[in-house]
Amino acid sequence: MSPKERIDELISKITEASYEYYVLDNPTLTDQEYDDYYKELLSLEEKYPDLKRIDSPTNRVGGNAVEKFEKVTHAHPMLSFDDIFNEEEIRGFDERIKKTIPNPTYSLEPKMDGLSGSLLYEKGILVRGATRGDGIIGEDITTNIKTIKSIPLRLTEPIDIEVRGEIYMSKDAFFKANIDRRDNNEPEFANPRNAAAGSVRQLDSKITAKRNLDFMAYFIPNPEDYGIKTQTESLDFLRKLGFVTNYKLNNKAHNVEEILSYIADLGKKRPDLPYNIDGVVLKVNDLNDEKILGFTSRVPRWGIAYKFPAEEVLTTLNEIKFTVGRTGKITPNAIFHPVHVDGSLVSKATLHNYDYCIEKDIRVGDVISIRKAGDVIPEVVEVKLDRRNSNVKDFVMIDKCPMCGTKLIRKDANHFCPNEHCPARKIEALTHFVSRPAMNIDGLGENIIEDFYNMKIISCIEDIYNLKNKREELIELEGFGNKSVDNLITSIEASKNNSLEKLLFAIGILGIGAKTAKVLAKKYITMDNLMKASLEELTEIKDIGDILANNVVNYFKDEKNLELINNLKNIGVNMEYKGEKTLNNPLISNKKFVITGTISFMGRNEIKELIERYDGTVADSVSKKTDIVIVGEAPGSKYDKAKQLGIEIWNEEKLKEVIDSL
Ligand code: IVH
């Protein structure tokens, strides 16, 4: 047998063995046999590097580290469902569906608690793995994806297909990863979802390979291309192709009672499952019905995500600790006896401000109940007044800043430290600057920033970019080594290439969140343009009111801020927007659209994206503010309303004409 033939044979044997192990749950090779094949393949590939195939299982160990992930545009937008939380909302969903589809069947699936991923196969070979990103543009994480053993590198059929599913970390892998991190003095992951998200976006795929991620397939964006007629058929087809699906737990329902009983049943099984789930996904099973139901401007109408109620756990309040934010705002925090809530260990929660504490009448020593608000941030739900004993201590608001001792001032419900040079404010500002949604610098958590600040290694934002000249000093510090310093410096250098919106968010203009930062970056393209923007001009932008516009203008009037921007420019930090640029067309830009009926040559989402690219908006319902209604086949009542209000109407022909003219 030629080396090529043997390599082909070994890959087939190993691929088959993985299929039997992961999909069929029925291993046929012993570990020893598997290892022998693997080693033989590895040595053949070393000897004949030209014969190495891209679907070789030896690629699962990861490749060279990259500086950043390339952006990829999803062929079909990666949407998610609306969330619902109770029986009433389930009934509401079913009612809505039944208005269009009188006798729906639903596909019910556990809602995997990880992050969604898209896998692209060409002729049956995995060629790309991507994150969801903003749903339109994601990141290319192919090398990392290949390390996930339950993802087939080659399908059982040589077809072109995109497959969506959840990348997740099993409870077991999560505990093991945290033991590793504890041993290495690294902060532990809060829960398996964070662990999976952190692992899959590692620039060094060798780290991803060590984390033992998994993948559960649940969706094909264009099932009709494979002759598939229902979601359940999609799931069967995926399994046949070599994907792990949740075939033991996925089920069908024909009415609300069956849905409720599935949810109750799954709730019972939940604690014993090897992975976290956070609810049940309901999908209309018949793909024809799905088509008819279509999408709102944001989400599919044919499916919804029911989320299990957040777990509430009792604990005791040990302390109320005050912290200072980057605007000087003082926040009281509840520090309580650590408890597990929805899969992660928590020990503190914000108490927001003075008024909140008084309203809740919270006192040190109280029994309190905790839950996760919006899934991640712990909050105090309630003080158990009936369990209060006489040892509790009254809540006392501080009157001086806990960091610098300056007398606090009060504005409405909040207290502020008015000292602009308060170290707490500086530390917060630095922590914000490096955080994930801001400049995304890995390896500078809040505690490290605080240490560096106290050791005078970092006193201002510019100092972060000077860390590369302090290598020797850093390596000497406890918890740092060659590797972690290297990684930190790589991450700092990479942040220089961030698109403008990240920098705009990072510098902390009052009230400018990540979303508004993006709106501004997209509109002005460069920092210089934005710095020149007038108050009137800014106020005209949708999403930006008088207050925000004022904050922006004031920020750029301040000499200190101008100096910071100038310094960052000199350091080489990118000051331009790199994302998709907004285009301009008088027929679409700044106009409000509503779409009704089916457009034969284009999906509703595609139309929406197009309109948004030209800076128009698409709304769900017709009102006086609507500028144009696009009317397709079988329009709904929106058409009548548009005629009634005398709104401009575009039929298919007109739409086509406009699109052709772009
Ligand atoms: S289907 C159009 N099926 O939950 C939505 N999603 O909003 C297509 N998820 O972001 C997704 N388990 O990451 C689907 N069995 C399942 C799922 C699932 C978990 C996640 C997914 C999505 C969110 C649903």
Side-chain angles (χ1 to χ4, degrees), residues 74-85 89-90 93 97 106-119 129-136 138 141 145 150 162-170 191-194 196-197 200-201 213-223 228 230-239 243-253 259 262-263 266 269-270 273-285 287 289-291 293-308 343 374-376 603-606 608:
H74 297 296
H76 311 266
M78 272 183 95
L79 301 177
S80 53
F81 291 127
D82 264 342
D83 290 336
I84 51 172
F85 300 91
E89 287 175 307
I90 295 173
F93 170 70
I97 298 289
Y106 298 106
S107 169
L108 306 185
E109 302 160 29
K111 184 170 177 323
M112 301 296 297
D113 194 9
L115 58 147
S116 46
S118 142
L119 310 178
T131 61
R132 174 175 187 274
D134 63 5
I136 307 290
I141 49 164
I145 283 288
S150 42
E162 182 186 351
V163 171
R164 306 251 174 100
E166 201 82 346
I167 302 165
Y168 68 95
M169 192 181 271
S170 70
N191 54 48
R193 176 167 17 96
N194 287 357
V200 85
R201 291 190 73 262
L213 296 173
D214 269 297
F215 183 81
M216 184 79 79
Y218 50 58
F219 187 63
I220 302 172
N222 52 337
I228 293 168
T230 62
Q231 163 66 9
T232 15
E233 275 176 39
S234 277
L235 293 168
D236 292 342
F237 185 55
L238 286 169
R239 190 164 139 79
F243 291 97
V244 177
T245 60
N246 224 337
Y247 71 103
K248 285 187 187 152
L249 295 176
N250 294 337
N251 213 329
K252 280 194 277 196
I259 297 175
Y262 177 88
I263 290 174
L266 191 64
K269 294 182 181 144
R270 188 179 177 198
L273 295 174
Y275 43 74
N276 277 353
I277 59 174
D278 60 343
V280 171
V281 175
L282 320 178
K283 303 172 188 167
V284 169
N285 197 34
L287 299 180
D289 294 347
E290 278 191 9
K291 265 238 165 66
L293 289 158
F295 299 81
T296 72
S297 62
R298 264 180 328 106
V299 290
R301 273 202 199 90
W302 45 263
I304 208 140
Y306 164 81
K307 305 257 282 194
F308 289 129
D375 265 3
V376 260
R604 211 174 253 224
N605 268 316
E606 277 177 284
K608 180 169 178 264

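Atoms within each ligand, like the ligands themselves, are counted from 1 in listed order.
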| Side chains of I277 and M112: closer than 4.5 Å at any heavy-atom pair? | yes
| said: Is the shortest side-chain heavy-atom distance between L249 and L273 below 4.5 Å? | reply: yes
| field | Ring-face cation contact, F295 with R604, 6.0 Å cut, 45° max | value | no
| Identity and separation of the nearest protein heavy atom to atom 12 (N) of ligand 1 | M112 N, 3.0 Å
| task | Would you check if the distance from the ring center of Y106 to the ring center of W302 is below 6.0 Å? | result | no
| said: Walk me through whether S150 and D214 qualify under side chain to side chain donor-acceptor pair (under 3.5 Å). | reply: CA-CA 6 Å; S150 42; D214 269 297; 2.8 Å; yes
| request: Might you work through the side-chain contact (heavy atoms from CB on, under 4.5 Å) test for M169 and L213, ending with a clear yes or no? | output: CA-CA 5 Å; M169 192 181 271; L213 296 173; 3.9 Å; yes
| query | Is the closest heavy atom of P110 to ligand 1 under 4.0 Å? | reply | yes
| message | Starting from atom 7 (O) of ligand 1, what is the nearest protein heavy atom, named by residue and atom, and what distance separates them? | response | F81 N, 2.7 Å
| note | atom 11 (C) of ligand 1 sits nearest the protein heavy atom Y218 CE1, 3.8 Å
| What is the nearest protein non-hydrogen atom to atom 15 (N) of ligand 1, stated with its residue, atom name and distance? | E109 OE1, 2.9 Å
| query | Quick one: are Y218 and K283 in side-chain contact, heavy atoms under 4.5 Å? | reply | yes
| How does P300 reach ligand 1, by side chain, by backbone, by both or by neither, if only non-hydrogen atoms under 4.0 Å count? | side chain
| task | Can you pull out the closest protein heavy atom to atom 10 (O) of ligand 1? Residue, atom name and distance to 0.1 Å, please. | result | S80 CB, 3.5 Å
| request: Considering heavy atoms of the protein only, find what lies nearest to atom 5 (C) of ligand 1 and give residue, atom and distance to 0.1 Å. | output: L79 O, 3.4 Å
| said: Taking 4.0 angstrom as the limit and counting only heavy atoms of V281, give me the atoms of ligand 1 inside it, by number and element. | reply: 3 (N), 16 (C), 17 (C), 18 (C)
| contact_flag K283 ligand 1 heavy-atom lt 4.0 Å | yes
| Where do E290 and Q231 land on the side chain to side chain donor-acceptor pair (under 3.5 Å) test, with the steps shown first? | CA-CA 10 Å; E290 278 191 9; Q231 163 66 9; over 6 Å; no
| request: Would you tell me which option among E166, K111, M78, H76 has the nearest heavy-atom contact to atom 4 (O) of ligand 1? | output: K111
